[in-house]
Amino acid sequence: MAAERVLQSQEFAALYAEVQRFYAHQMRILDAHDAERWAGTFTEDAVFELPSLSGPLRARAGLARYVRAGEARQRRVGNRLHHWIGMLDVRPQADGSLHTRCSALVYVTPRGGSSRVLYVCVMEDVLVRIRGRWRTAHRRVTRDDLA
Amino acid sequence: MAAERVLQSQEFAALYAEVQRFYAHQMRILDAHDAERWAGTFTEDAVFELPSLSGPLRARAGLARYVRAGEARQRRVGNRLHHWIGMLDVRPQADGSLHTRCSALVYVTPRGGSSRVLYVCVMEDVLVRIRGRWRTAHRRVTRDDLA
Amino acid sequence: MAAERVLQSQEFAALYAEVQRFYAHQMRILDAHDAERWAGTFTEDAVFELPSLSGPLRARAGLARYVRAGEARQRRVGNRLHHWIGMLDVRPQADGSLHTRCSALVYVTPRGGSSRVLYVCVMEDVLVRIRGRWRTAHRRVTRDDLA
């Protein structure tokens, strides 16, 4: 396991802002069901563990399929999801990767109806930088209602 | 349309923190119904597009009026609103302005009652710096329940 | 009262990121009922004012006791709490301390049930740096439903 790396305070702030912006982008295109672009924010061989699935999602093809299935389901039911990230911790590793931990809220809004919180989650990522851009290499999500 | 400007990572972090703080301040005085001060966080000729209104709000006078009407309505009903910004993206433009996009939650708490989420929104701003302070020149809000 | 100190923009961003990370950590160990570690994120003689208590909590012993009582209550009822901080303002003081103000959400999830927002709060802290780490010296929380 990679050792943790201690950064100077302004370097840490730079990373912290980059990661916040990365998640804002990644969640926005998820909520817009932009399956291919969303899968492209993961590494080619990413692994995504979700508590609602029997096994992990693997690689970009599996990730994109998952988003398209979610879109079809939401269209049928007439629901709109909105993901929200916060309470972010970022731990830079000696190998240049980042271990992140954050809370994630999922809000649901039925067409013409009242919004409500659907899930309260914890999300743990390994991020790697590929050609100047952060990509999720590994993600594990746990949900408060299933914990 | 202004071209986007690429910043060095620590410069971006500085802007990102400034904008987060700007919104924390702007939403706090909105929730406190401080109509004049809130309108003062916009430019003189700001335009504010809200999905619940038939036309855009214009200039500081229009903005302050909108807050006073909201205060009167909340007093009558006995509700308290609490605005929450997150999932922020900031795109610096070549002309020095910032294009921002964020998610906005509105929580409502009836007097002595239970809080709940009222609206889940997306907010897109153009921010300009006037005498060292960020001001909103244009704002467009869309609501998940009306989208 | 200490005078406010104006920081250069990148210095401010560094502090702002540190404080965000501090709260992510402090709230995570609170939700995990890690009473001793949580109390350790306060100064020895910290004072914590909560609207639901008749008087302030004092010092680390009082803080840890409060968390253990909360854990026992949540175990009995089968509830899980999740604290969420946002809308952060940080005001560096001339004496090196920080005055912070933020919004705090508390989500509750019954075992196997649906999550919902429990409280919408405002949290005001005085943070001091002790051996390189931020510690809460004073905290005052107000709740929208009791305001």
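Throughout, a chain's letter reflects where its sequence line sits, starting with A, and its residues are numbered from 1. What's counted below: heavy atoms across the whole structure, side chains too, no hydrogens, waters or symmetry copies.
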Item to complete: Would you please test B:Tyr107 and C:Asp144 for side chain to side chain contact (heavy atoms under 4.5 Å, CB included) and show each step?
Response: CA-CA 10 Å; B:Tyr107 288 93; C:Asp144 276 14; over 6 Å; no
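Heavy-atom distances place the backbone of C:Leu88, and not its side chain, under 4.5 Å from chain B. Contact of C:Arg101 with chain B is made through the side chain alone, with heavy-atom distances under 4.5 Å. For a residue to count as touching a neighbouring chain, one of its non-hydrogen atoms must lie under 4.5 Å from one of that chain's; by this rule B:Thr109 touches chain C with the side chain only. Contact annotation for C:Gln8: neither backbone nor side-chain heavy atoms come within less than 4.5 Å of a heavy atom of chain B. Looking at C:Leu105, both its backbone and its side chain come within 4.5 Å of chain B, counting heavy atoms on both sides.
A distance-only check finds no donor-acceptor pair linking the side chain of B:Arg80 to the backbone of C:Asp145 [under 3.5 Å].
Within a 6.0 Å radius of CZ in B:Arg68, more than 12 heavy atoms belonging to other residues, nucleotides or ligands are found. Other residues, nucleotides and ligands place no more than 12 heavy atoms under 6.0 Å from the CZ atom of B:Arg133. Heavy atoms of other residues, nucleotides or ligands lying less than 6.0 angstrom from CZ of B:Arg111 number 12 at most.
Note that CE of C:Met87 and NE2 of B:His82 are 7.0 Å apart. Values are rounded to the nearest 0.5 Å. In this structure, OH on C:Tyr16 lies 8.5 Å from CZ on B:Arg21, to the nearest 0.5 angstrom.
Between C:Ala13 and B:Ala13, the closest heavy-atom pair is CB-O, 3.6 Å.
When each of B:Arg28, B:Glu11, B:His83, B:Gln10 is scored by its heavy-atom pairs under 4.5 Å with chain C, the top score falls to B:Arg28.
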